[in-house]
Every structure is written in structure tokens, then in C-alpha cells.
Amino acid sequence: MCFVEPLLWACAAVLLFVLPGRIPRVLVGVVLTAGVGLAWFSGFVPVVFAAVLTLLTAGMIAVGRFTSPRVAIASGLTAWLAVTAVLIGAGRTAKNQVEEVLADRFPAARTLDTVLTPLPADPACRQVLAVQISGDQYVIRKAYHSLAPGLITAERCSRLYPGGGETDAPLVPVAQPSTAAIAWVGELSIAADTFRTLSGEYCAVRTLMQFARAPYAAPRGDGWTVADLRFDGETGPSIFEVEVGPGQDQCPRVRAPWLPPREDVLRGR
């Protein structure tokens with residue numbers, strides 16, 4: 001998380017006046033400038049959070065400039081821990097809220113997993129992928145969630161993400177209304193034993209399922225497209241999408257040293 005979260009980069013701004021040598025300081029300055037610049041001009045970060053990032057960066061720079069190195073480093077570490085705690089707390093709160101919505105809107109479904117993907121420098125918005133079993137059907141639902149709907153709605157969150165509501169998966173509308181807190185994109189439902197069957201028939205699917213946390217499968221001609229919805233909408237070929245059918249089964253023979261994320265689906269649990 002620290003490599004892609006600009007709020008944590010900002011906490012390291014104290015190093016601008018602590019590190020010895022010009023080159024390390026220049027590198028820190030470039031990273032900080034890039035983080036703040038992207039927050040303001042990439043279009044992915046709401047103005048309020050871009051302002052928070054800018055103020056945090058400026059504050060940490062001031063601490064590094066006007067205090068001793070020991071105080072500056074202690075302040076940076078304290079800020080780092082505080083920001084980390086806020087991000088973890090926001091993530092857990094968002095997960096609890098999403099699971100409450102799923103239990104309320106789909107009481108007959110059993111939730112296997114909720115995959116939440118936040119945006120950098122934005123603790124409020126998350127993309128949601130809900131993996132569920134409903135009777136003899138495997139259902140995956142895509143939505144966007146806002147932890148602060150009074151500040152930024154879920155629909156606004158969806159427009160901040162690259163691709164937003166666009167999808168390559170053949171999703172159909174969710175039979176539930178969107179709210180300020182959650183905006184539904186769509187859902188896909190297939191027989192619950194589909195992945196177990198396809199994994200037994202095709203090596204490519206078996207390999208993909210070693211990595212796919214939010215898999216979906218859709219008929220394509222006389223075959224199938226199987227992919228991970230987390231990477232839906234990527235342009236060009238993707239290692240998280242395979243097409244299989246009669247005479248079509250590329251087998252990379254990759255063996256992961258862990259249990260498949262969706263072993264519950266593969267074993268019919």
C-alpha cells in the first residue's frame with residue numbers, strides 16, 4: 001500500500017530536509033510533486049482529498065524544515081502510523097457497510113467474498129465486487145460504494161475510477177435501486193458448478209482459477225470466456241482472461257504455491 005498511496009508519501013515529506021545529499025532530496029521532491037500533481041490533475045481524486053494531501057505534504061515539509069532531524073523523523077513516523085490507521089479503519093468500516101447492504105438486499109444469497117478496491121488518496125470511494133452463492137447459482141455483483149455519501153456520492157465515485165461503469169463482462173442490471181452510498185453497476189449469474197466443470201475440462205481455466213478472486217464465465221460461441229472481474233475493462237490481451245472451447249485450450253502450466261482464492265466454488269462449498 002505504501003508504494004501507491006500518496007497520503008503515505010506525504011508523511012515522508014520531512015525527509016526533504018533530513019536526508020543528507022542533494023540527490024536523495026531531489027528524488028523525494030520529485031515524488032512529492034508527482035503525488036500532489038496527480039491528485040489535482042489526474043481526475044481520479046476529489047478536490048477535498050487533493051486539498052488534504054496538499055496540506056499534509058506542506059505541513060510535513062514545514063516540520064522537516066523548522067525542527068530538528070529527530071523531531072522531524074518522529075513526526076513523520078507518527079503521521080505515517082496515523083494515516084495508516086485511518087485507511088485501515090476506513091476499509092473495515094466500508095466492508096462492514098457493504099456486507100450489511102448485501103445481507104439486507106439479498107437475504108437468500110450467501111456471500112463468499114467482498115472485494116473492495118479503493119483509490120489512492122481517497123479513503124471514501126471503493127469499487128465493490130460481491131461474490132455470492134444464491135441457491136444453485138453463482139452470482140457476482142459489481143458496484144461502487146461511498147463511505148461519505150454526504151460529501152461524495154457513490155455515483156460520483158464510479159466516475160472517478162478508470163473505466164467507471166464500463167465493463168467487458170456481460171453484466172445485467174441489478175434488481176435493486178442505487179443510493180447515495182452504493183451505486184450498482186450490474187451482476188452476472190451462472191450455474192454454481194460452472195467453474196468446477198470448466199476447470200476439469202480446460203487447463204487454461206484451471207490455471208486462471210489459481211489467481212482469480214472474482215471470476216466470471218460467459219458463453220462465447222461454442223466455448224467460454226473466463227476472466228477475473230477485478231481486471232475487467234483492461235485494453236488489449238489480459239493474463240486474467242482466457243477463451244476456451246473445442247480445440248482451444250492454451251495451457252501455461254503455472255502452479256501457484258497457494259490454495260485458489262475461489263476454492264470454495266471449485267469444491268462446491
Side-chain angles (χ1 to χ4, degrees), residues 1-17 27-65 72 75-101 114-130 142-167 178-185 230-234:
M1 180 174 64
C2 60
F3 298 108
V4 296
E5 179 49 67
L7 289 170
L8 294 178
W9 300 356
C11 299
V14 294
L15 298 177
L16 198 60
F17 293 98
L27 292 176
V28 171
V30 168
V31 170
L32 295 175
T33 302
V36 173
L38 288 172
W40 283 105
F41 301 112
S42 67
F44 298 150
V45 182
V47 172
V48 61
F49 295 127
V52 169
L53 174 64
T54 303
L55 291 174
L56 178 60
T57 302
M60 289 294 97
I61 290 176
V63 169
R65 174 66 178 85
S75 299
L77 288 174
T78 300
W80 182 292
L81 293 174
V83 168
T84 300
V86 169
L87 295 176
I88 292 174
R92 289 179 176 175
T93 301
K95 186 177 180 67
N96 290 338
Q97 290 184 2
V98 167
E99 290 180 345
E100 288 177 3
V101 170
T114 50
V115 184
L116 305 185
T117 305
L119 280 171
D122 182 352
C125 293
R126 281 165 181 79
Q127 182 191 81
V128 179
L129 299 176
K142 183 177 182 179
Y144 289 90
H145 176 263
S146 173
L147 198 57
L151 181 65
I152 176 171
T153 65
E155 190 277 331
R156 169 61 177 153
C157 287
S158 72
R159 289 186 277 119
L160 294 173
Y161 277 76
E166 298 179 3
T167 176
S178 294
T179 66
I182 191 160
W184 300 103
V185 176
R230 293 179 298 169
F231 307 99
D232 185 50
E234 288 188 350

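Counting heavy atoms from C-beta on, the side chains of Ser178 and Tyr144 never come closer than 4.5 Å. In this structure, Pro46 and Leu160 have side chains that are in contact, with non-hydrogen atoms separated by less than 4.5 Å. Side-chain contact check for Ser158 versus Val185: every heavy-atom pair is 4.5 Å or farther apart. Between Thr179 and Pro149, the closest side-chain pair of non-hydrogen atoms is not below 4.5 Å. Side chains of Trp80 and Val14 form no contact here, defined as non-hydrogen atoms less than 4.5 Å apart.
Nearest heavy atom pair, residue His145 against residue Cys157, reads O-SG, 4.0 Å. Considering every non-hydrogen atom in both Ser42 and Leu38, the closest pair reads OG-O, 2.5 Å. Across every non-hydrogen atom of Leu53 and Val36, the tightest pair is CD2-CA, 4.2 Å. Shortest non-hydrogen contact noted between Ser146 and Ala180 is CB-O, 4.1 Å. Ala183 approaches Glu155 most closely through the heavy-atom pair CB-N, 4.0 Å. When all heavy atoms are compared, the tightest approach of Gly64 to Phe17 is O-CB, 3.4 Å.
In this structure, the separation between CG on Leu119 and CZ on Phe44 is 8.0 Å, given to the nearest 0.5 Å. Within the model, atoms CE of Met60 and CG of Leu15 stand 11.0 Å from one another, a figure rounded to the nearest 0.5 Å. Separation of atoms CD (Glu99) and OG1 (Thr114) is listed at 4.5 Å; rounding is to 0.5 Å. Distance check: Leu32 CG to Thr54 OG1 gives 11.0 Å after rounding to the nearest 0.5 Å. Annotation: the span from Thr153 atom OG1 to Arg159 atom CZ amounts to 6.5 Å, rounded to 0.5 Å. Atom CD of residue Glu100 and atom CD1 of residue Ile182 lie 11.5 Å apart, to the nearest 0.5 angstrom.
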Show the numbers, then the answer: is there a side chain to side chain contact (heavy atoms under 4.5 Å, CB included) between Val83 and Leu56?
CA-CA 10 Å; Val83 168; Leu56 178 60; 4.2 Å; yes
Check step by step if side chain to side chain contact (heavy atoms under 4.5 Å, CB included) holds for Thr117 and Arg230.
CA-CA 9 Å; Thr117 305; Arg230 293 179 298 169; 5.7 Å; no
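Checked by atom type and distance alone, the side chain of Gln127 never pairs as donor or acceptor with a backbone atom of Pro118 at under 3.5 Å. Between the side chain of Thr57 and the backbone N or O of Ala10 there is no donor-acceptor pair closer than 3.5 Å.
When the options Val86, Leu81, Ile88 are evaluated for a side chain to side chain contact (heavy atoms under 4.5 Å, CB included) with Thr84, the one that passes is Ile88.
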